[in-house]
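In what follows, a single structure is set out as structure tokens and then discussed.
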Amino acid sequence: MDPEAGTNGTAVTEFILLGLVETEKLQSPVFVLFLFAYLLTVGGNLSILAAILVEPKLHTPMYFFLGNLSVLDVGCITVTVPSMLSRLLSHKRAVPYGACLTQLFFFHQLAGVDCFLLTAMAYDRFLAICRPLTYSTRMSHSVQWILVAVSWACALTNALIHTIALTTLNFCGPNEVNHFYCDLPQLFQLSCSSTQLNELLLFGLGFLMTGAPVVLIITPYIHVTAAVLQIRSVEGRKKAFFTCGSHLTVVCLFYGTGIFNYMRLGTEEASDKDKGVGIFNTVINPMLNPLIYSLRNPDVKGALWWVLVGRRLLN
């Protein structure tokens, strides 16, 4: 790299991802652990998707969104973990500049869709519980596809803005990223030029991507809680609270780690906390989602049994 090129353009042609551990003795256990987590996450989410496709009882808006969420979870973990595993095998930690930006773009694209899709799921629960008579018309197939399309469009805009803004920064060294995948906060710390605009964009767009959806999730659930408490049947209340509770659990895990990671102004030294949050964002959350949504759902468990074993689970 040419240090003087940093004043006119990008001098760094590659970044060095330090990964999760630097000790060689720990790299093998980490490889096995994350390979297992990757296979479990992909297998679990694809099984949920297959169950939704083959079981007519699950051909509802809620499971339509859950199927989309499973696809996103597979995408999020595939964008980050396989490349990390390949670096552990090859012992090469260098990532080309373009590949780093590509990974960052797709990660923010998929995570952004997650933000809006979780909001759409809250809207679906609100209509199902609070507006049951008009539910079929307000949550028709066309409305479902429109919500998914808008989610992808908004997330695409967010990811493009961050990626394009990042290309305006100059990187002239050092080029070591204290993380196991390329992300905005860690790259900001390596810039030779001012990152003030990028940080403001991250905070402002982060507020729109998290603040607005959180409000749009909490508001319907206030009405949902009031409606559920009026249900006379104990079994009915339990079923409604369980369905909503599963969604709220995923929301808390997803937004909690996202807010901690991105809603911070000013440069901060990269630490192991960032790596821990990264593991939650890319591995743990996608791995837990199938369990959270299917653990106590008899329809999903019956469909999974049909997919995995080949015969239906009789009630």
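Each residue takes its place number in the sequence, starting with 1.
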Once you round to the nearest 0.5 Å, how far does [atom1] of [X] lie from [atom2] of [Y]?
X	Y	atom1	atom2	value
T195	N170	OG1	CG	12.0 Å
S28	L89	OG	CG	9.0 Å
L26	L88	CG	CG	11.0 Å
Y97	C182	OH	SG	10.5 Å
L197	L202	CG	CG	11.0 Å
N289	I284	CG	CD1	12.0 Å

Without swapping roles, check the side chain of [X] against the backbone of [Y] for a donor-acceptor pair under 3.5 Å.
X	Y	result
T157	A153	yes
T219	L216	no
K275	G19	yes
T119	C115	yes
H162	F105	no
N175	V12	no

May I ask you to test the [X]-[Y] pair for a side-chain heavy-atom distance under 4.5 Å?
X	Y	answer
Y38	T78	yes
I77	V42	yes
C130	V224	yes
F15	P96	no
N285	D73	no
F65	V148	yes
I16	V177	no
I48	S70	yes

task = Would you check if there is a donor-acceptor pair between the side chains of Y135 and D124 at a distance under 3.5 Å?
result = yes

query = Going by atom types alone, do D183 and H179 pair a side-chain donor with an acceptor below 3.5 Å?
reply = no

ask   = L66 and L49: side-chain contact (heavy atoms from CB on, under 4.5 Å), yes or no, with the steps?
value = CA-CA 8 Å; L66 179 57; L49 183 61; over 6 Å; no

Which pair of heavy atoms, one from [X] and one from [Y], lies closest together, and at what distance?
X	Y	result
A227	I129	CB-CG2, 3.9 Å
P220	F126	CB-CB, 3.7 Å
A165	L201	CB-CD1, 3.8 Å
F34	V81	O-CG1, 4.1 Å
L20	M84	CD1-SD, 4.0 Å
P286	N45	O-ND2, 3.1 Å

query = In a check of side-chain contact (heavy atoms from CB on, under 4.5 Å) between H108 and each of I161, T163, L184, which one passes?
reply = L184

key: Name of the residue among M139, R138, H141, R125 meeting side-chain contact (heavy atoms from CB on, under 4.5 Å) with P61   = M139

inquiry  = Set out, in order, the CA-CA distance, both residues' side-chain angles and the distance that settles side-chain contact (heavy atoms from CB on, under 4.5 Å) for V95 and Y181, then state yes or no.
reply    = CA-CA 9 Å; V95 178; Y181 64 92; over 6 Å; no

query = Strictly under 6.0 Å, is that where the ring centroids of F64 and W145 end up?
reply = yes

ask   = How about H223 and Y221: are their ring centroids closer than 6.0 Å?
value = no

inquiry  = Around atom CZ of F254, are there more than 12 heavy atoms from other residues, nucleotides or ligands closer than 6.0 Å?
reply    = yes

query = If you count the non-hydrogen atoms of other residues, nucleotides and ligands that lie under 6.0 Å from CZ in F31, is the total more than 12?
reply = yes

ask   = side-chain contact (heavy atoms from CB on, under 4.5 Å) between L187 and C100: does it pass, once the steps are laid out?
value = CA-CA 10 Å; L187 292 180; C100 189; 4.1 Å; yes

Mind checking whether [X] and [Y] sit in one hydrophobic cluster, side chains of I, L, V, M, F, W, Y counted as touching below 4.5 Å?
X	Y	value
L85	L17	yes
L117	V143	yes
M209	M121	no
I146	L156	no
I279	Y255	yes

query = What's the verdict on side chain to side chain donor-acceptor pair (under 3.5 Å) for Q103 and T80, showing C-alpha distance, side-chain angles and the deciding distance?
reply = CA-CA 7 Å; Q103 183 184 57; T80 55; 5.8 Å; no

request  = Test side-chain contact (heavy atoms from CB on, under 4.5 Å) on S193 and L169 and set out the steps.
outcome  = CA-CA 6 Å; S193 53; L169 298 180; 3.8 Å; yes

